[in-house]
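To start, the structure itself, in structure tokens.
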Amino acid sequence: MPTAILTGQPVPGSSIESELRSLGFDVHLASGTADTETLLARAPGEERVAVVDARFVGHPHALRLGLTDPRFPLAAIPGAVTAQPAARQALTRAMARENSAGRGTAHGGAVRVKPSVGEANSLADRITAALDADGADVHRPELGSLVAVVPTDPQARNEARQAVAAVDDEAVRLKSAVKARDGFVTTFLISPYSRYIARWCARRGLTPNQVTTASLITALIAAGCAATGTRAGFVAAGVLLIASFVLDCTDGQLARYSLQYSTLGAWLDATFDRAKEYAYYAGLALGAARGGHDDVWALALGAMVLQTCRHVVDFSFNEANHDASANTSPTAALSDKLDSVGWTVWVRRMIVLPIGERWAMIAVLTALTTPRITFYALLIGCAFAATYTTAGRVLRSLTRKATRTDRAAKALADLADSGPLAEAAARGLRGTARRLPGVTAPAVALLGGAALVATAALTDFGGPWPLVAAIVYVLTSALAVARPLKGALDWLVPPFFRAAEYLTVLVLAAKADVNGALPAAFGLVAAVAYHHYDTVYRIRGDAGAPPRWLVRTIGGHEGRTLVICVLAVLLTAPQFKVALTVLAVAVALVVLVESIRFWVAAHKVGAPAVHDEGEPA
């Protein structure tokens, strides 16, 4: 149980002690600075500890934001400071300095930091000032209209209590549970009521991970309904897909409402979103074959490829510019100017077809039309959105004056997913790569991938030319990553690799023209895409890329592509279908076992909690 140490003169009628207990703290009273240091030393080292001024007046949610958010090792609000185990030593040092300064000594040669006006009598604020002086990263949550003060006299206390009464703590908490930036459908059609579902879940002790799992199960049932191929099944599938999305919004709102953030939760939320959408594609394809004898597996796989490549563009661009210095762009300035005009904000958010708009479109079209029409609309919408966003990012990159860091280059190299063949060839091509212009990396990645896909599409199945193109692709892929990816457009390299690999699988399976080849290809691309998403989520969580042994075991993008082309040359069409199935199962088992092992282990060892507040997926 976390420990809260109340310091300072107790105030009759104060509710601070009961509020801390309601937040799960074991409360101890300290008679002075020395007693506070003693209690701090006695507090369990594996638990959170907080120092709170007994005179504190504020909203309970202000205390919750300041003292219970698991994402930040150190946090403070006026009159309170807290540390998780990872930052316990920094808090202990600051406390020792304050205790020494209070006795009139200079502990360790340190100079006492002079507190600001109004904080002179608050030990918690003096500790926070000492942490700042030490260079510690102290998180200060945005409180908005919430009150958090330490009154120094009865009049100030009365005014503070009136300020607390004037603001509805619960209304602020509910409002802050909703993501600040989201799509039109989510903002206006889902969040107005899903936040209340989140509160209902919180009051019954449900966790975000349980709601995330319920959302997955609902989506899988929706996919099963779509797979029946009946009109009733399609209608039920559309309704259940919307219900799944409501739960998908609810899990994040529950996490923000109750501050239940975790590394495992962020991974489950992101991973299950992809699993739900792609499982639903498969359900639609099965339903089309069963109900109307219509084979739309190529469309389903094409939709998955397009959507995955869109995400890789997002991830790569963000990582390339995560910590870019001297970051200026006229295009970005124009975008900010457009955002200042109210209606353009929503238009621009809708045309990129975020998850809310996308799932609403899929659900309505499933219920009212056919799977083929649904996929056509999805492909057209996603293609337009991908063109719009990618063009804008290319313009930003070309007009931006920025220096990409080693961290960004490493992230892009990890996203590239180069295997042993590309690594070996890249070592021999580094000298050549240094003499080539900066646009070489994305150019050769695009040309090599386009040549491979075109060759597979324009030649007969079983011919040798796709294999020749795959060997060339290995060399162009190696040249693309032979030097650090720090160029203005180098963030395009990973999405070009993804498109080349996925489309090669799609084209060869379609050219095989045998029943079951495209579903097998769908499974293989889904397994590989999971590995690529897992890489992204690890990088986002500052956990680094998957281990090199895993990348080498599954061949890297160029190795898998070469193997698939070899199989297409050596095997008959029915044998190729079986080989794709075996590859799909093998890749899925390897990446799933390693991924689950990693994220469960990260959760058990208390890895830093994260939560995605970025663009809607």
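The first residue of the sequence shown is numbered 1, and numbering continues consecutively from there.
- With hydrogens and angles ignored, the 3.5 Å screen pairs no side-chain donor or acceptor of Arg93 with any backbone N or O of Ala130.
- In this structure, Trp599 and Trp267 have parallel ring planes: the angle between them is below the 30° cut-off, well short of the 60° mark.
- Between Asn321 and Trp491, the side chains place no donor N or O within less than 3.5 Å of an acceptor N or O (distance only, hydrogens not considered).
- Stacking of Arg552 on the aromatic ring of Trp549 is not recorded, the 6.0 Å distance cut-off and the 45° axial limit not both being met.
- The aromatic rings of Phe497 and His557 lie parallel to each other, their planes meeting at an angle below 30°, with 60° marking the opposite boundary.
- Listed for the Ser15 side chain is no donor-acceptor partner under 3.5 Å among the backbone atoms of Ser18.
- Side-chain atoms of Leu412 and Ser316, non-hydrogen and from C-beta on, do get closer than 4.5 Å to each other.
- The shortest side-chain heavy-atom distance between Ile77 and Leu65 does not fall under the 4.5 Å cut-off.
- A distance-only check finds no donor-acceptor pair linking the side chain of Ser215 to the backbone of Val211 [under 3.5 Å].
- Of the possible donor and acceptor atoms, one in the side chain of Asp125 sits under 3.5 Å from a partner among the backbone N and O of Gly79.
- Between Tyr530 and the choices Val587, Leu592, Thr535, the side chain to side chain contact (heavy atoms under 4.5 Å, CB included) rule is met once, by Leu592.
- Donor-acceptor pairing under 3.5 Å is recorded for the side chains of Asp26 and His28.
- Annotation: side chain of Glu594 is not in contact with side chain of Ile554 (no heavy-atom distance under 4.5 Å).
- In this structure the side chain of Leu123 never reaches within 4.5 angstrom of the side chain of Asp53, judged on heavy atoms.
- Open room surrounds CG on Asp137; 12 or fewer heavy atoms of other groups in view lie less than 6.0 Å from it.
- Within the 4.5 Å cutoff, side-chain heavy atoms of Ile16 are placed close to those of Glu19.
- Here the side chain of Arg310 pairs no donor or acceptor atom with the backbone of Thr389 at under 3.5 angstrom.
- Checking Asp168, Leu143, Val164 one by one against His59, the side chain to side chain contact (heavy atoms under 4.5 Å, CB included) holds for a single residue, Val164.
- Screening Thr212, Thr213, Asn209 for a side-chain hydrogen bond (donor to acceptor under 3.5 Å, both in side chains) involving Asp251 leaves a single residue, Thr212.
- Under the 4.5 Å side-chain criterion, counting only non-hydrogen atoms from C-beta, Val49 is in contact with Leu40.
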From CA spacing to verdict: side chain to side chain contact (heavy atoms under 4.5 Å, CB included), Ile355, Asp248 = CA-CA 10 Å; Ile355 188 170; Asp248 183 54; 4.2 Å; yes
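- The environment of Arg548 atom CZ is dense: over 12 non-hydrogen atoms of other residues, nucleotides or ligands sit within 6.0 angstrom.
- Between Thr3 and Glu47, the side chains place no donor N or O within less than 3.5 Å of an acceptor N or O (distance only, hydrogens not considered).
- Between Arg173 and His61 the shortest heavy-atom distance is CG-CE1, 3.4 Å.
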Evaluate salt bridge (Lys or Arg N to Asp or Glu O under 4.0 Å) for Arg540 paired with Glu319, printing each intermediate quantity in order.
-> CA-CA 9 Å; Arg540 278 187 168 183; Glu319 288 302 326; 5.3 Å; no
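- The environment of CD in Gln155 is sparse: at most 12 heavy-atom neighbours from other residues, nucleotides or ligands sit within 6.0 Å.
- Counting heavy atoms from C-beta on, the side chains of Pro208 and Asp269 never come closer than 4.5 Å.
- One N or O on the side chain of Arg498 and one on the backbone of Ala416 form a donor-acceptor pair closer than 3.5 Å.
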Side chain to side chain donor-acceptor pair (under 3.5 Å) assessment of Ser191 paired with Gln253 = CA-CA 9 Å; Ser191 292; Gln253 291 165 356; 3.1 Å; yes
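- Each of Arg538, His532, His531 was compared with Asp534 under the side-chain hydrogen bond (donor to acceptor under 3.5 Å, both in side chains) criterion, and only Arg538 meets it.
- Donor-acceptor pairing under 3.5 Å is lacking for the side chains of Thr271 and Tyr537.
- Of the residues Val52, Leu67, Asp69, the one that meets the side chain to side chain contact (heavy atoms under 4.5 Å, CB included) test with Thr82 is Leu67.
- Side-chain contact between Glu357 and Pro354: present, with at least one pair of heavy atoms (C-beta onward) separated by less than 4.5 Å.
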